[in-house]
Novice: 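One structure follows; several queries about it will come next.
Sequence lines set the chain letters: A, B, ... in the order given, protein chains first and strands last, and positions in each chain run from 1.
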Amino acid sequence: MANAKPRVIVVGGGLAGLAASVRIAEAGVPVDLFSMVPVKRSHSVCAQGGINACNEVARQQGYSEWMHFDETIYGGDFLNHQPPVYQMCYEAPKIIDLLDRMGVPFNRTAEGERDLRMFGGSLYKRTHFAGATTGQQLLYALDEQTRRYEAEGKVKKYEFWEFLWPVLDDQGVCKGIVAQDMRTMQIRSYRADAVIIATGGCGLVYGKSTMSVICTGGAAARCFQAGAWLGNPEMIQVHPTAIPGEDKCRLMSESARGEGGRVWVPRQKNDPRKGIDIPENERWYFLEEKYPKYGNLVPRDIATREIFFICQQGYGVGGGRQVYLDVSHLPEATKKKLHGILEIYEKFVGEDPKKAPMRIFPAVHYSMGGLYTDYEAAPDNKGLVQGAHGNMMTNIKGLYAFGEVNYNYHGANRLGANALLNCIFDGLFCGLGVANYVRDGVATSSADTQASVYDRAVAQEESRMKQLLSGHGTYNPYKIHEQLGNAMTDYATVVRDENGLKGLRGIIAELREQYRKLKLTDTGMWTNQNLSFARALGDMLIYADAVALGALERRESRGAHYRSDYTERDDSKFLKTTIAKWNPSSYSVSLEYADVPTPLIQPRQRTYGKVDKKEPAAAKA
Amino acid sequence: MTATTQETRTILFKIKRQTEPNSAPFWEEYAVPYKENLNIISCLNWIAANPTTTSGVDSTPVAWDCNCLEEVCGACTMVINGRARQSCSALVDTLVKETGADTITLEPMSKFPLVRDLVVNRQRMFKELIRLKAWVPIDGTHALGGGPKESPEAQDTRYALSRCMTCGCCLEACPQFTIDNNFVGAQAISQARYFNMHKTGAVLADERMEELEGPGGITDCGNAQNCVKVCPKEIPLTESIAAIGRQATVHAIKSFFTGKK
Ligand SMILES: Cc1cc2nc3c(=O)[nH]c(=O)nc-3n(C[C@H](O)[C@H](O)[C@H](O)COP(=O)(O)OP(=O)(O)OC[C@H]3O[C@@H](n4cnc5c(N)ncnc54)[C@H](O)[C@@H]3O)c2cc1C
Ligand code: SF4
Ligand code: SF4
Ligand code: FES
């Protein structure tokens, strides 16, 4: 079957996967799009606050694409890759224009221009938004464009299909995938000349997070086991403001603070009064006091640690692990812009945040780390080579990683409203490179790849499934998951140290033993969600160890990774990417380090203008 | 609430299950330990980890759809105590207050083909969006400047419509929408209005109206207004139906005079 038309498989229909599908279909290459959920229900719908881009108003205040770039690198504590971040920031205004043309209902000013809001890590208004459901609105716009190509037969959707394994030919080049129909449970392979993994984050490794149920990191962990590397797996963002819940921690977006919301605790420990009854002068606005320049809009890693430590010192509301996030003083029009999130608080907590301060606490939110990818930098390092095959390709030829699963952009800490941007940028900008690669970078077409390559991969997955279904052990996968989540949350979130991380690795090893002795309560072959979860659990146990080992070996503090035993950043040893590799023979993770080039911006101290005030000033009477 | 009552109080779940599309439905009961602030999904999670019925039978975890857990993805719709709603945002405390009993009934939606237990196939809703060309026909993804300016009022109206999460509550509640007819339903009608409102989206308005005037279109709506009452996102569905009704009249007259019909 020589000269067969090349095809691309996109795994994941969040913002990154949809943007890629649209771009590649537009370039004339057919796309097969796989997703565990109907793409319109992907996790990206959860994004609330907004999407960053330099704009005319900000520009006339002195802001620029360069400053967006600089903020992102400073925010990421210099671990990000500069050429791709540079390109992303310079593309951002064009991306917003495009989304606007697609019909995204961005909020408007009186004159009909796109409105803007403040966001963390910046002193300029440069965040575009659609109410407090920006991700939903952006995802829908891309979903609609994808549907248009679907109607024209250029994109074929496989919804309720789970990606199980990337198919590599004898040269180690990616030539397709193995996937399972989640209803009939049929496992089969699909051929493609390039595969894009756009499967989002791995919050479920922590049990509860702000992420959606399918964000297990399973797909990334499967690529990892097939030979793809992970970059900086230890870099996990804990968002400062979420509502703890039984099934998930629901986010209260940074936009609440961007619109003027204030974080505080009572100045008096264990103050028994209700929040609204505590007078202004007895409230401690600790972020504003410690960071006069950025106030409540310091980056997330810093805000999270401050909240965490304040509670540890006993200042938490009611002495517990919660602080106030207050929007009750804001004007009605501003509250309306936050409707989408205030509604969540009201629905799930049963209190009206328009009238009384919300009670919140940090929660696991985002994975800066993920599949390791490379890129082709422009000769002066200012951006990437447009349409280059290598942009965001993993170490496996023909296998790409886009969106949150791609480790490249956010270093040790992501700035708010930069994730949606990175997803769409990957899809649109790097998608072109994928189309070019399948047209003129592929030595043998997937149509000519031997059938045995696919059969082998299918057989492997069938046997893995049979093993799970026939398990006669005693352990319940949901209970193992709960223990994994608790251990990860205890030892690998806000504060980490040598002993805790070593202990954590021990727990993970023990849970892996239990996992060998699973018993599934459902062994049927029709819509077996139990099986899908159990399989993902095995993958989470592998991903978790990469996180734990990465955190253990990074003996410094940088961005979201804070070690109480190594509290300073150590550029001489750790201005480096952690590269995690899987060793199938020893069934273990090993690490290597690669220098992070800093061609455009040199690392500098990262203080966000902190002034030292350890205890609250006495109440001003 | 004291610790002891928390330990002993349970919520009885009566769940309508069905193993396969063609098998017979059956009911099962589970007693889930009560905690404050539980939502239905937490209870289903508990059952998944402890799938033993109140009569002591070891069963299988109940199948259901969910993803976001914060009422924005639309996946987790099911019929809870007789009403279609999201199982993530349905709170046990509220339901118990509504009925005064510690019993909660869960059933799959009845207007869509059943897949398993509480999972149904809602593909029809997405197909209707294709039929109605529910998109803005942009030239392509190249940088061609921004979209049309828009007043805050117009944005406000469009934003309200664009929050539809394709959950299906409005269709489950609609007397005109049945499992085997071809009525487009309130959700799709409202989406047609949404795209007709956008300057570039309106380029396809005539094509949308052709579809909506045909079989299964706007005239099949009996104006029962059940849809708007159950929409979790408070989408002004009856306003959309009225607006599309008016557009249909205009479009029919226009087609008549231009000789298209
Ligand atoms: C509550 C919340 C609020 C946020 N707010 C903002 C914000 O305001 N601004 C911002 O910039 N960022 C925000 N973020 C971050 C941002 O939403 C995410 O990083 C981004 O949406 C990720 O998109 P994605 O395309 O990479 O993946 P996702 O949207 O997570 O999509 C993953 C896709 O992969 C599919 N998939 C996964 N595994 C498999 C598999 N094994 N087989 C087949 N398919 C699979 C899924 O079905 C899905 O379609 C927020 C995040 C959260 C949790
Ligand atoms: S108004 Fe009535 S008939 Fe029309 S869509 Fe709504 S519920 Fe159905
Ligand atoms: S209109 Fe409302 S009820 Fe109907 S599908 Fe959309 S969100 Fe659900
Ligand atoms: S899980 Fe998304 S709406 Fe309930």
Side-chain angles (χ1 to χ4, degrees), chain A residues 22-23 26 37-38 40-43 45-46 94 96-98 100-103 105-114 130-131 133 136-137 140-141 144-145 147-148 150-151 183 212-214 245-248 250-251 340 344 347-350 428 476 478-479 482 521-522 524 526-527 529-530, chain B residues 19-20 35 37-39 41-42 45 48-49 51 58-61 63 65-75 88-89 91 93-94 115-117 119 122 126 129-130 133-138 140-141 143-147 149-152 154-155 158-159 162-163 165-166 195 198 200-201:
Chain A
V22 167
R23 185 68 191 89
E26 179 179 83
V37 295
K40 201 179 173 183
R41 308 197 194 286
S42 292
H43 168 62
V45 290
C46 289
K94 292 179 242 170
I96 303 292
D97 276 349
L98 172 63
D100 193 15
R101 278 169 52 223
M102 288 179 181
F106 284 116
N107 273 56
R108 298 286 160 169
T109 63
E111 202 182 321
E113 299 288 350
R114 293 177 301 233
T133 59
Q136 184 189 33
Q137 303 310 318
Y140 288 1
E144 290 146 12
Q145 295 302 322
R147 188 165 291 109
R148 189 178 163 203
E150 189 188 5
R183 278 159 299 200
S212 298
V213 170
I214 45 169
E246 192 63 35
D247 53 335
K248 122 169 237 192
R250 295 182 176 84
L251 184 75
I344 292 179
K347 277 199 178 165
F348 288 94
V349 182
L428 294 179
N476 179 314
Y478 298 97
K479 291 180 180 160
E482 195 182 332
T521 40
D522 186 351
W526 178 258
T527 316
Q529 298 175 332
N530 205 216
Chain B
T19 316
E20 283 171 22
K35 281 191 204 168
N37 274 329
L38 281 179
N39 60 358
I41 299 235
S42 310
N45 281 335
D58 286 338
S59 188
T60 51
D65 272 338
C66 66
N67 197 26
C68 71
L69 303 187
E70 51 191 55
E71 208 192 70
V72 280
C73 80
C88 63
S89 54
L91 304 183
D93 290 331
T94 320
V115 177
R116 179 176 178 182
D117 295 341
V119 180
R122 282 172 280 179
F126 297 114
L129 296 178
I130 291 194
K133 300 196 162 54
W135 53 75
V136 173
I138 56 166
T141 62
L144 302 171
K149 271 199 186 188
E150 186 175 40
S151 71
Q155 185 272 344
R158 284 206 312 123
Y159 178 68
S162 83
R163 294 184 70 208
M165 55 183 185
T166 335
F195 289 99
H198 187 268
T200 320

Novice: Pick one of side chain, backbone, both or neither for A/F348, based on which atoms fall under 4.5 Å of a heavy atom in chain B.
Specialist: both
Novice: Identify which of B/S59, B/G145, B/S89, B/C88 forms the greatest number of heavy-atom pairs closer than 4.5 Å to chain A.
Specialist: B/G145
Novice: Please rank B/K133, B/H198, B/R163, B/R122 by heavy-atom pairs under 4.5 Å with chain A and give me the top one.
Specialist: B/R163
Novice: B/P51, B/C66, B/G201, B/P137: which one forms the most heavy-atom pairs within less than 4.5 Å of chain A?
Specialist: B/P137
Novice: Which bit of B/I130 is near chain A, if near means a heavy-atom gap under 4.5 Å: side chain, backbone, both or neither?
Specialist: both
Novice: Return the OG1 to CG distance between A/T527 and B/D117, rounded to the nearest 0.5 Å.
Specialist: 8.5 Å
Novice: Name the region of A/L251, side chain, backbone, both or neither, that has any atom closer than 4.5 Å to a heavy atom of chain B.
Specialist: backbone
Novice: Non-hydrogen atoms of chain B under 4.5 Å away: do they reach the side chain of A/I214, the backbone, both or neither?
Specialist: both
Novice: Can you measure from NE2 (A/H43) to SG (B/C73) and round to the nearest 0.5 angstrom?
Specialist: 11.0 Å
Novice: Nearest 0.5 Å please: distance from the CG atom of A/D100 over to the NZ atom of B/K149.
Specialist: 11.5 Å
Novice: Please classify the contact of B/N45 with chain A as side chain, backbone, both or neither, using a heavy-atom distance under 4.5 Å.
Specialist: side chain
Novice: Quick one: do B/T60 and A/Q529 satisfy side chain to side chain contact (heavy atoms under 4.5 Å, CB included)? Show the steps, please.
Specialist: CA-CA 10 Å; B/T60 51; A/Q529 298 175 332; over 6 Å; no
Novice: Shorter than 4.5 Å, heavy atoms on both sides: which option in B/A48, B/A143, B/S151 has the most such pairs with chain A?
Specialist: B/A48
Novice: Check A/N476 against B/A49 and note the closest heavy-atom contact, atom names and distance.
Specialist: ND2-O, 2.8 Å
Novice: Looking only at heavy atoms, which two atoms of B/S42 and A/E246 are closest? And how far apart?
Specialist: OG-CB, 3.7 Å
Novice: What verdict does the side chain to side chain contact (heavy atoms under 4.5 Å, CB included) test give for A/L98 and B/I138, after you've listed the backbone C-alpha separation in whole Å, the side-chain angles of each residue and the deciding distance to 0.1 Å?
Specialist: CA-CA 9 Å; A/L98 172 63; B/I138 56 166; 4.0 Å; yes
Novice: Given heavy-atom pairs under 4.5 angstrom as the criterion, report whether the side chain, backbone, both or neither of B/A134 touches chain A.
Specialist: backbone
Novice: Distance from B/L69 atom CG to A/C46 atom SG, nearest 0.5 Å?
Specialist: 8.0 Å
Novice: Using a 4.5 angstrom heavy-atom cutoff, name the option from A/V349, A/V22, A/T109, A/I96 with the most pairs to chain B.
Specialist: A/T109
Novice: For the candidates A/G131, A/A151, A/G350, A/P38, which exhibits the highest count of non-hydrogen atom pairs separated by less than 4.5 Å from chain B?
Specialist: A/G131
Novice: Between the side chain of B/R158 and the main-chain N/O of A/G103, is any donor-acceptor distance below 3.5 Å?
Specialist: yes
Novice: Of all residues at least two apart in sequence or in a different chain, which pass the salt bridge (charged side-chain N to carboxylate O under 4.0 Å, His left out) check with A/E482?
Specialist: none
Novice: List the atom of A/S212, the atom of B/C68, and the distance in Å for their closest heavy-atom pair.
Specialist: OG-CA, 3.4 Å
Novice: Please identify, among B/L91, B/V136, B/T200, B/T141, the residue contributing the most non-hydrogen atom pairs under 4.5 Å to chain A.
Specialist: B/T141
Novice: With only heavy atoms counted, which part of A/K347 is less than 4.5 Å from chain B, the side chain, the backbone, both or neither?
Specialist: both
Novice: If you count heavy-atom pairs within less than 4.5 Å of chain B, which of A/R23, A/R114, A/K94, A/R108 leads?
Specialist: A/R108
Novice: Identify, with sequence neighbours excluded, every residue that meets ring pair (Phe, Tyr, Trp, His ring centres under 6.0 Å) alongside A/Y478.
Specialist: A/F533
Novice: Which answer fits B/F195, side chain, backbone, both or neither, if we ask what part of it has an atom under 4.5 Å from a heavy atom of chain A?
Specialist: side chain
Novice: Report the distance from atom CD of B/E71 to atom CD1 of A/I344, rounding to the nearest 0.5 Å.
Specialist: 8.5 Å
Novice: Run the side chain to side chain contact (heavy atoms under 4.5 Å, CB included) check on B/Y159 and A/T133 step by step: do they pass?
Specialist: CA-CA 10 Å; B/Y159 178 68; A/T133 59; 2.6 Å; yes
Novice: Of A/E144, A/R147, A/E150, which meets side chain to side chain contact (heavy atoms under 4.5 Å, CB included) against B/L129?
Specialist: A/R147
Novice: Indicate yes or no for a side-chain donor-acceptor contact from A/R41 to the backbone of B/M165 under 3.5 Å, with no hydrogens or angles considered.
Specialist: yes
Novice: Please determine, among B/T166, B/N37, B/I41, B/T94, the option with the most heavy-atom pairs under 4.5 Å with chain A.
Specialist: B/T166
Novice: Check whether B/R116 reaches the backbone of A/W526 with its side chain - one donor and one acceptor, N or O, closer than 3.5 Å.
Specialist: yes
Novice: Looking only at heavy atoms, what is the nearest atom pair of A/R250 and B/N39, with distance?
Specialist: NH2-ND2, 3.3 Å
